[in-house]
Number of protein chains: 2
Amino acid sequence: MSQPKLSDVAALAGVSPTTVSRVLNNRGYLSEKTRSNVFEAMKTLGYRPNAIARSLQGRKSQLIGLVFPSVAHPFYGEMAYRLESHLADAGYKTILCNSGDRPEAEQRYLDMLLANQVDGVITGAHSQLVAQFPLMGAPLVTIDRAETGKAPNVRCDNYDGGYRATSLLLERGAKEPVHITSTASEVNLRLRGYRDALAEHGITGRTLELGFDTPHAHKMEMIASYLDQYPTLDAVFASNDIYAAMVLSCAQRLRLEVPTDLQVIGFDGAPYTRAMLPHLATVMQPIDEIAQRAVARLLHAIAGQEDDLDGADVLPVSVYEGSTLRQKQPDRVSLD
Amino acid sequence: MSQPKLSDVAALAGVSPTTVSRVLNNRGYLSEKTRSNVFEAMKTLGYRPNAIARSLQGRKSQLIGLVFPSVAHPFYGEMAYRLESHLADAGYKTILCNSGDRPEAEQRYLDMLLANQVDGVITGAHSQLVAQFPLMGAPLVTIDRAETGKAPNVRCDNYDGGYRATSLLLERGAKEPVHITSTASEVNLRLRGYRDALAEHGITGRTLELGFDTPHAHKMEMIASYLDQYPTLDAVFASNDIYAAMVLSCAQRLRLEVPTDLQVIGFDGAPYTRAMLPHLATVMQPIDEIAQRAVARLLHAIAGQEDDLDGADVLPVSVYEGSTLRQKQPDRVSLD
DNA sequence: TTGAAAGCGCTAACAG
DNA sequence: CTGTTAGCGCTTTCAA
C-alpha cells in the first residue's frame, strides 16, 4: 500500500484505531507501553496522519488564505513571506492567491478558499472581500489599505508617513514637491498627509496619478514628461518605492541631479528594495510587525474571541533618509 | 446551520444526495428538470461543495506545494506569482512554503505537504527534497538550481548566461572582470560560463564569494573592500541582480564611474527589478516560460505520464544591455 | 486505560 | 434517469 493509514498502525501495534488516535493527539490516559508500541508501529510503517481526513472530521483545516495583488511586488512579497512564516510557526498552512487586483479573480479565490474550509483569510486586496466579510463564514483580516467597511484592518500609519515624508522634503529646502501615486482618492491617507504638511507651509501641491493598470513603460513616460513639463518641481514624494525608483531613472535621463535638483522619497522600504536601492530615502513600513499583528488578530478571531480593536490597528512608520534627500540644513544663526 | 451540505440541497430539491453529486460533477444522465431543481436549491441555500470532503473521498486534493527560500526575494517572488497563476488556471491551489534555505525547515514543510495530500510539489530549494524524491509519494519538479539526483528540473541556461554576460563585458573592453556569487561550487554553471568565456581570451578571472547566510550589511562591506583592494578590476558579472545592485551602490560610494571605470551585469531580470533598476544590464531568465514548463511537467507527472525529458529542461536566456555596459565598440578598421 | 460504533461531506459502485 | 449502500481516514462519544 502506498500510504499507511491509522488502522494499519493500529493493526501492527495490536491496538484499536481509537488508541492510535489517542497517542497521536496525546489525549486521555495511555499506558507507557501502548504509547511506545504505537510509536514504534508508526515509525516502522512510516505513518503520516492524513491532514485532509482530520480536517473533514474536525472543524478546522489549519489552512489560511492569503490574497494579494501579486507576490511579485516587493512589498507584498515581503509581506507574504512574513505572514507565511508566522502562520507556519502557529501551525497553519498558507494558500497563496494572486488576485492581480481583478475583482472577479478575488471573488473566485474567495469562493475557492471557503470551499477549502480555510480557517481564515488575510488580504491586501479587498474590493470584493471586505464587502462580503460579514457573511463570509471565516474570519478576515485586511492589510495595508484603508479599510472600507468593518473588517479588521492592520496597517502602518499612512497619514503620518505622508506627512513626515513631505515635511522632510520641505525641511530640506523643497519649495514645490509633487506626489506621485496610483490613484488620488479621498481615502488615500498618504496623500492626505502630504497635503496637510504642505498646507502648513502655505503650499498647494500637485499630484501625478499613474493609475493601477497602466503598463510600466507608459508610467515611465508619464513621469518623465511630467518632470519635463514642470521644471520648477524640486521634490517627489512617491507612494511606493517602485515609483520612487522610476523617478530616479527619469531624473538621470533628464540630467537632473539628485538630490540637488530633485529630492526623492518613496514608501514601503522592504528589505530587498533597500538592498537594491540603498540610497533611496523612504518611509519604512514595519512589515514584520504588521504581519505579526495580522496573524495575532486572525488567530484571535479564529479562537472565537471578540476583536476588541474593532477595526483598525495602526503601526508607526520610520523614515530612512538615504541620500536622495539634501543634507540637513545647519541651524541658521540670525546675524542681522 | 452555517454551511449547507450536499444532503441539505438534496432534501430541498427532493432528490437523493447522489443526484446532487451528479449534477455537481456533471456526470451521467440527468433530466433537465432535476438539474434545474438542484441548481435552484443550491442557489437558495448558498451551497458550496466542501473541497476537503471531496479530496478525502477522491484521490486528488488539487493542492500543490511551493517550496522556495523566500518569496520576498524578487526572483522567487516573481516565480511564485507565475507558478501560482498557471496552477490556478489549471484548477490547482498553491500552498506556500518559505524554507529560508534551512534544511530542517524544508523537511518540515515537505512532511506537512505530504500530510496534506498535495498532488505535487514544485521547489527552488532542494537540499532535502531532491534526495527523498524517489520515495516521496508525490511528483516533484525542481526549478532554477542545477539538479542533484534525478528529479525533473526546469531552469534557464545558466551556463550560457554566464558565458554571454562575460563575453559581453570583454567585448565592451573589460580586461579584468570579476564574478560575484554566493558560493562558487563546482556545479555552479554561471561560474563555469564565466570561466570559459574568460579562458577564450586567456584570462583567469577572480571570484568573490559572499556566502548564503552572510548578513546584507556584511556583504556590502565585502564587495566594497574587494573593489577597493583590486583597483584594476574593471567589470563585474554578478550572479543575481541584488548583488549587481549592491555593486552599483558600492561603486557610487567609491566614486567609480559606471560603466566607464566599472562595467556591471547581473542575472535574473525579474520585471520589478527591471522597473527599479532599468539601467542595470542583466541576463534575463525566461521566468514565465520556466513557470509554465514546470507546471506542465508537474501536471503531466500527476496524470501519471512518463516524463520523457528525463531530468532537465533548459530554457534560453536573453541579455538586456541597459547602460551599465560600455557602448558597443565601432568595428575597428585596420589601417596599417 | 482501552475499544466499538458512528459519522465528518462527499462520491462511486451497483442496482433499479 | 435516479436511489441505496458503502466507505475515503480520522476523531469522538459512549461504554467497558
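Proteins come first, then strands; the chains are lettered A, B, ... in the order of their sequence lines, and each starts at number 1. In this text, all values refer to a predicted model and were calculated from it rather than measured experimentally. These numbers come from the heavy atoms of this one structure, side chains and all, not from hydrogens, waters or symmetry mates.
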Can you tell whether the side chains of [X] and [Y] come within less than 4.0 Å, N to carboxylate O?
{"X": "A:E32", "Y": "A:R35", "result": "yes"}
{"X": "B:R82", "Y": "B:E78", "result": "yes"}
{"X": "B:R155", "Y": "B:D313", "result": "no"}
{"X": "A:R293", "Y": "A:E289", "result": "no"}

Do B:T18 and B:S21 get their side chains close enough for a donor-acceptor pair, meaning under 3.5 Å?
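Judged by distance alone, the side chains do not pair up.
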Classify the side-chain pair B:N116/A:R48 by whether it contains a donor and acceptor separated by less than 3.5 Å.
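The criterion, which ignores hydrogens and geometry beyond distance, is not satisfied for A:R48 and B:N116.
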Letter per nucleotide, 5' to 3', of nucleotides 1-9 of chain D [B base touched, S only sugar-phosphate touched, - untouched; heavy atoms, 4.0 Å]
SBBB--BBB
Taking CG in B:D89 as the centre, count heavy atoms belonging to other residues, nucleotides or ligands within less than 6.0 Å. Is the count above 12?
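More than 12 within 6.0 Å, yes.
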From the 5' end of DNA chain C to its 3' end, which nucleotides mark the outer limits of contact with chain A, defined by a 4.0 Å heavy-atom distance cut-off (strictly under)?
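The protein-touched segment is C:dT1 to C:dG9.
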Taking CE from A:M42 and P from D:dC10, how many angstroms apart are they, rounded to a whole number?
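Roughly 11 Å, once rounded to whole Å.
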For A:L96, is there any backbone N or O sitting under 3.5 Å from a side-chain donor or acceptor partner on B:T94?
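No, the answer is negative, given that no donor and acceptor are paired below the 3.5 Å cut-off.
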